[in-house]
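Worksheet for the structure shown next.
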Protein chains: 2
Amino acid sequence: MNSKKTTIHDIAEKLNITASTVSRALNNNPRISEATKKTVLDMARSLNYQPNNLAAALRKGKSQLIGVIVPTINRAFFSSVIRGIEELANKLDYRVVVSQSNEDVDNEIATLNALINARVDGILVSIGKNTKQFGHYQELIERGIPLVLFDRTTNEISTSQVVIDDFVAGYMATEHLIKQGCKKIAHITNYHKVNIYKERYRGYLEALKDYNIPFEKSLVLEGNMQLEDGRECTKQLIASGEEFDAIFSASDYAAMGAMQVLKEKNIKIPEEVALVGFSNEPFTSFTDPPLTTVDQFPIEMGQAAAELFFEILNSTKKKIIPQKTVLHPELIVRASSLKKGK
Amino acid sequence: MNSKKTTIHDIAEKLNITASTVSRALNNNPRISEATKKTVLDMARSLNYQPNNLAAALRKGKSQLIGVIVPTINRAFFSSVIRGIEELANKLDYRVVVSQSNEDVDNEIATLNALINARVDGILVSIGKNTKQFGHYQELIERGIPLVLFDRTTNEISTSQVVIDDFVAGYMATEHLIKQGCKKIAHITNYHKVNIYKERYRGYLEALKDYNIPFEKSLVLEGNMQLEDGRECTKQLIASGEEFDAIFSASDYAAMGAMQVLKEKNIKIPEEVALVGFSNEPFTSFTDPPLTTVDQFPIEMGQAAAELFFEILNSTKKKIIPQKTVLHPELIVRASSLKKGK
DNA sequence: TTGTAAGCGTTATCAC
DNA sequence: GTGATAACGCTTACAA
């Protein structure tokens, strides 16, 4: 039905030159005269030529495609990181293919294989919460496929990574609450399998220590960091009868759950309980009161990850020394933690 | 550095058979004996063979890749639609490549070309707000590349599409407000270039008419449907001195902006002004009061779009008759529009 | 500056 | 059932 697609051979034929000349002209090869370049380009346009990147990729052994795996794109944080990656990649004429693992290990492996089979030139990944084995990533490195980790990383594979300083972030959040006069600060965190939560927790502990606030194990709640988990943790906390005057949640969603429960119980925020979340998801500025949170600079994170990626890709060395970029977080103070007169 | 990748030729050589047999065995061709299939599969595994989809795609003329273009992935609505598309696509062994147009026409065209050059087997797209020319899409159809539109569609190109019944949605939202006793219902909408906003507006008008409520042009505000625009529109509305007892915003974000301004002016929601948004973005259930909104069943929309897509792809007919799937929206009633005693 | 020819890894077609 | 061969559309030595 549709006329056959134009190839460089069609252009060559029309112009009475060879396909290689056409190829070189289209690729702006310096050894081709400006005159032929122009005629080729014109003919290409008039025949509505669309290069077959597949063929080029096959021939060159590289696809100009880079794969990104994230737990979900349905988070402002991740979609912003992706935008950051795309910015640099597109500038360098690379396309970005995004896949979601949905926090599922099998899915993560399947999606990884699919990307490899699609011959991406490398992969950037934020590891799922439940992924405990990293063999599939280790294999990539051994096969010489560039790999960069971001945000949800692990030290079990030796490759470049980008994170924010989650320790400092946890410290800042806790310190802020302390400076607001809070003395009994609860913390909602994940089972410490994932680096980021472990670090935020360490920051929390360190701040307590530095300000001589006794650590209470009963104030540390563990959950899966979704809204519902935040609700559960907060209900438990209240039911436990344990006194608390602040909650630092390592996730905005869990913080939102906490806010809901506190409001349902008519506990005033921030007067009775101050609240701090994590990630600066857009909705945090819409809540009532607006939620204090930590900005992770996702776009910058994406850019940094892409930079490390292209460093590996363009490296001629056999052995690549893994780099680690650490971004500095920023506390966004809003009404949920601002006590009057402070 | 890494040992050369294994190809079907390597497997063939080891097994003293030909590459074609290997290819057939791997593709589970019925004319290959079970015995050879097994030995080939075993050898493939032990050599850690990874098929080169690029080469297969080049030879077969199809890539098993489908492209999706959305204005932004940073919206729960769009990322859910994408998930819906992926569900069906992955089941059929297709990969989904997502690109963002960022509501920019040039970007939309560039990204479209990039996908075509990457040899996707077809494209699903939600058109950017500012796109007024559709030549680049028309061209696709003429070239026989399957194209499906979803949500942000246009009737200017003759191809399959999936939408929700925005007219009914607009009607339902307005009717709901009327039944709550509202008589002066403002409407925040987009300059009616985009189908969806036009339809929601039509629904608004129709409901007013059916309930004999006089239409007031001054109650219709136009903006770009972001939070800031919602704020602006609401400020204007208040400044105009025009009386109003409800706002129906055709976007959750603009509704959020309206809510902020109303609260800043100490206007009680819903007692003095009832508020309804559109899209059921997750944050709408977090606001105070929670926002009444319209659910668009994004996952179902994605699935429906993928279904129409594969219908076109698998059609052997020269001329494909465009299908249109219309999903039924659902009003999610929350406190922002629920008057006491109703 | 341009042409020739080989090859990237598959699969389709035709043999046997 | 399996083998031989060509071809998908492009790039790139090597030649000229």
Side-chain angles (χ1 to χ4, degrees), chain A residues 2-41 43-44 47-65 93 116-121 143, chain B residues 2-41 43-44 47-65 93 114 116-121 143-144:
Chain A
N2 57 321
S3 50
K4 292 250 351 97
K5 282 163 191 151
T6 341
T7 73
I8 51 171
H9 292 100
D10 301 326
I11 301 177
E13 198 178 359
K14 292 259 184 193
L15 259 34
N16 266 317
I17 53 177
T18 64
S20 32
T21 307
V22 174
S23 168
R24 284 189 272 247
L26 291 172
N27 288 303
N28 206 14
N29 185 313
R31 303 193 316 189
I32 296 289
S33 75
E34 287 305 320
T36 35
K37 268 184 200 169
K38 189 177 169 351
T39 49
V40 167
L41 248 39
M43 183 56 76
L47 292 181
N48 192 20
Y49 168 73
Q50 298 284 343
N52 187 331
N53 289 356
L54 238 53
L58 177 59
R59 177 61 235 250
K60 290 195 291 198
K62 53 201 302 277
S63 61
Q64 302 281 117
L65 224 58
D93 258 313
I116 296 302
N117 292 352
R119 285 305 190 266
V120 293
D121 290 338
R143 288 170 57 196
Chain B
N2 56 321
S3 50
K4 292 249 356 97
K5 283 163 189 151
T6 8
T7 73
I8 52 172
H9 290 101
D10 301 327
I11 301 177
E13 197 178 1
K14 291 258 183 194
L15 257 36
N16 266 318
I17 54 178
T18 65
S20 16
T21 308
V22 174
S23 170
R24 284 190 272 249
L26 292 171
N27 288 304
N28 207 14
N29 186 312
R31 306 195 313 193
I32 296 289
S33 74
E34 287 304 321
T36 37
K37 269 184 198 168
K38 190 177 168 351
T39 49
V40 167
L41 248 39
M43 182 56 75
L47 293 180
N48 191 22
Y49 168 73
Q50 298 284 343
N52 187 332
N53 290 357
L54 237 51
L58 176 61
R59 180 61 238 247
K60 290 195 292 198
K62 51 200 303 274
S63 60
Q64 303 280 119
L65 225 58
D93 257 316
I116 296 302
N117 291 353
R119 285 305 190 264
V120 293
D121 291 339
R143 289 170 57 194

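Lettering follows sequence order; numbering is per chain, from 1.
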Checklist entry - Hey, does the side-chain of B/Arg59 have a donor or acceptor N/O within less than 3.5 Å of a partner on the base of C/dT10? => result no
Nearest 0.5 angstrom please: [X] [atom1] to [Y] [atom2], how far?
X       : Y       : atom1 : atom2 : answer
B/Lys60 : B/Asn53 : NZ    : CG    : 8.0 Å
B/Arg31 : B/Arg24 : CZ    : CZ    : 6.0 Å
B/Leu47 : B/Leu15 : CG    : CG    : 9.0 Å

Item to check | Stepwise side chain to side chain contact (heavy atoms under 4.5 Å, CB included) test for B/Asn52 and A/Leu58 | outcome: CA-CA 9 Å; B/Asn52 187 332; A/Leu58 177 59; 3.9 Å; yes
Item to check | Which atom of B/Asp121 lies closest to which atom of B/Gln64, heavy atoms considered | outcome: OD2-N, 2.8 Å
Item to check | Short side-chain N/O contact from A/Asn53 to OP1 or OP2 of D/dC10, under 4.0 Å | outcome: no
Next on the checklist: OP1 or OP2 of C/dT1 versus the side-chain N and O atoms of A/Thr36: is any pair under 4.0 Å?
Outcome noted: no
Item to check | First of B/Arg31 and B/Leu58 reached from the 5' end of DNA chain C, by closest nucleotide | outcome: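 Residue closer to the 5' terminus by nearest nucleotide: B/Leu58.
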Quickly work out the [X] [atom1] to [N] [atom2] distance and round it to whole Å.
X       : N      : atom1 : atom2 : result
B/Ile11 : C/dT11 : CD1   : P     : 11 Å
B/Leu54 : D/dG9  : CG    : P     : 14 Å
A/Tyr49 : D/dG9  : OH    : C1'   : 8 Å
A/Asn28 : C/dT2  : CG    : P     : 13 Å
A/Gln64 : D/dC10 : CD    : P     : 15 Å
A/Lys5  : D/dC8  : NZ    : P     : 13 Å
A/Gln50 : D/dC8  : CD    : C1'   : 18 Å
A/Asn52 : C/dT10 : CG    : C1'   : 14 Å

Checklist entry - Closest nucleotide of DNA chain D for B/Lys37 versus for B/Ala55: which of these residues is on the 5' side? => result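 In this pair, the answer is B/Lys37.
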Checklist entry - Using rotation axes that map the C1' atoms of four end pairs onto the next four (five pairs an end), what angle separates the end axes of the helix from C/dT1-D/dA16 to C/dC16-D/dG1, to 10°? => result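 Taking the rotation axis at each end, their angle is 30°.
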Next on the checklist: Other residues, nucleotides and ligands only: do more than 12 of their heavy atoms fall within 6.0 Å of NZ on A/Lys14?
Outcome noted: no
Checklist entry - Got a sec? Which of residues 14-26 of chain B come in under 4.0 Å of DNA chain C, heavy atoms? => result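 Residues of residues 14-26 of chain B that come under 4.0 Å of DNA chain C are, in numerical order, B/Ser20, B/Ser23, B/Arg24.
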Checklist entry - Which one, C/dT10, C/dT11, D/dT11, comes nearest to the side chain of B/Lys60? => result C/dT11
Checklist entry - Any idea which of D/dC10, D/dT12, D/dT2 is nearest the A/Ala56 side chain? => result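 My answer, after comparing the listed nucleotides, is D/dC10.
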Next on the checklist: With no hydrogens and no angle check, just 3.5 Å: does a side-chain donor-acceptor pair link A/Ser23 and A/Ser20?
Outcome noted: no
Checklist entry - Given the rule in the side chain to side chain donor-acceptor pair (under 3.5 Å) test, do B/Ser33 and B/Thr36 qualify, once you have shown the distances and angles that lead to the verdict? => result CA-CA 6 Å; B/Ser33 74; B/Thr36 37; 2.7 Å; yes
Next on the checklist: With side chain to side chain donor-acceptor pair (under 3.5 Å) as the criterion, how do A/Thr18 and A/Thr21 come out once you've worked through the C-alpha distance, each side chain's angles and the decisive distance to 0.1 Å?
Outcome noted: CA-CA 5 Å; A/Thr18 64; A/Thr21 307; 3.1 Å; yes
Checklist entry - Between A/Leu26 and A/Val40, does a side chain to side chain contact (heavy atoms under 4.5 Å, CB included) hold up when you go through it step by step? => result CA-CA 7 Å; A/Leu26 291 172; A/Val40 167; 4.0 Å; yes
